[in-house]
There are 2 protein chains.
Amino acid sequence: MLRKHQWENILKDLCKMQYPLPIARLIESYMKLPGIGEKTATRLAFYTLDMPKEDVEDFSTSLRDVKVNLHTCSICGNITENDPCDICKDKSRDQTTIMVVEQPKDVMAFEEMGEYNGLYHVLHGVLSPMDGIGPEEVNIKSLITRLQKNDQVKEVILALNSTPEGESTAMYIGKLIKPAGIKVSRLAAGLAVGSDIEYANSITLKRAVQGRTTL
Amino acid sequence: MLRKHQWENILKDLCKMQYPLPIARLIESYMKLPGIGEKTATRLAFYTLDMPKEDVEDFSTSLRDVKVNLHTCSICGNITENDPCDICKDKSRDQTTIMVVEQPKDVMAFEEMGEYNGLYHVLHGVLSPMDGIGPEEVNIKSLITRLQKNDQVKEVILALNSTPEGESTAMYIGKLIKPAGIKVSRLAAGLAVGSDIEYANSITLKRAVQGRTTL
């Protein structure tokens, strides 16, 4: 992340290049997006200038809308227009299972799959002591409170990414929940469907062998 | 360019994927930018969700601003906040020379160079019969009117890109202006400073030899 004074220097440079101020500001905004540098931001800004007015209006409105109209659900932490979210409100869903995921996008991936009918809990991150992210920085506390308040829950599925941080977060949450007598499970690790054994890394292969199933 | 019903299908697909509507709309907006597909647009939309509120507000405002506050100068066609633009209004600039460029960005490149002190005329494109862009679609007519009204102009520099379209547009404008007795020049073609002869294409080399200067 660039610091404020660095942004100001870039903005000053852009002004030096005789860009009218509105363009310089738009370039600066585009540069705040990930993977977009000064050249691409300039190209996008000039492209925006030639876009139909209503498209730019829509873009501007939708940017504001995601900040104004989207909230995190007070129960599961997923992003939603209404609080509680549609999934938490839906009494037809299996109230005995909570799937713990890292990001709202993961909820959408499981919903797209369509096979899972339980509830979710979104952590908004994983434990990463190296980056100063401890249990307070992710949505773990509310999961524990939620389990304490609600004795319907029989199983917690830890659907965290298969990264070192994801694995250690799963271990941490598992240790917290198990004493309460709730079943804690995690997603199966193994070969991705359609993938080649020759390109799989050795840890994946090890997991695939350990978790082998009988035909 | 995608047609409207194709956009609607994409939007519908995104809604199917359980994205809340504000996110789906933002993804759709990002996808209208050049070189940004559905995956990148989704990544950017979720990144936007985590951006500081004031950054998103600034972004939203600057998008609207480029459409609301920027106009084309009624004299030269450059983009500007005030009409006429600062360059056209500046009486200390050389009023006898007009440099014809394709895009507002080109004006900024020459202004950054700092050696040129004349006026500009921005075409906003080049002739390209294959894409249906004829003399009416670019800002040529206003150049002719400008020259007819103003007999101070002694030279028109055609600073168009060295592409087939740029070259033929230069030829076209040259033919229109020359009968009026105005000097018409074009930028020197040759080796880019710092470039290697071995990597130069043969047309560039040919031009470099034709335009050789005595030491």
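Just so you know, these numbers use all the heavy atoms, side chains as well, and skip hydrogens, waters and symmetry mates. In the text below, chain A, chain B and the rest are named by the order of the sequence lines, each starting its count at 1.
- Between Q103(B) and F46(A), the closest side-chain pair of non-hydrogen atoms is not below 4.5 Å.
- Between L63(A) and T48(B) the shortest side-chain heavy-atom distance falls below 4.5 Å.
- More than 12 heavy atoms of other residues, nucleotides or ligands lie within 6.0 Å of CE in M113(B), so this atom counts as buried by the packing criterion.
- Heavy atoms closer than 4.5 Å to chain B are found in both the backbone and the side chain of F59(A).
- Both the backbone and the side chain of L33(A) have a heavy atom closer than 4.5 Å to some heavy atom of chain B.
- Judged purely by atom type and a 3.5 angstrom limit, K67(B) uses its side chain to pair as donor or acceptor with the backbone of L49(A).
- Ranked by non-hydrogen atom pairs under 4.5 Å with chain B, the options P104(A), S60(A), S62(A), G35(A) are led by S60(A).
- Below 4.5 Å, heavy atoms of chain B meet heavy atoms from I79(A), E81(A), all part of residues 73-92 of chain A.
- Taking 4.5 Å as the limit, some side-chain heavy atom of Y19(A) sits within range of a side-chain heavy atom of M108(B).
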Under the side-chain hydrogen bond (donor to acceptor under 3.5 Å, both in side chains) rule, what do R25(B) and T61(A) come out as? Steps first, then yes or no, please.
CA-CA 9 Å; R25(B) 289 210 172 277; T61(A) 311; over 6 Å; no
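- The distance from the NE2 atom of H124(A) to the CG atom of D50(B) is 8.0 Å, given to the nearest 0.5 Å.
- For T40(A), no part lies near chain B; criterion is any non-hydrogen pair under 4.5 Å.
- Comparing N69(A), L44(A), I36(A) by heavy-atom pairs within less than 4.5 Å of chain B, the highest count is held by L44(A).
- L70(B) touches chain A through its side chain: at least one heavy atom from C-beta onward sits under 4.5 Å away, while N, CA, C and O do not.
- Expressed to the nearest 0.5 Å, how far CZ of R64(B) lies from NZ of K53(A) amounts to 10.0 Å.
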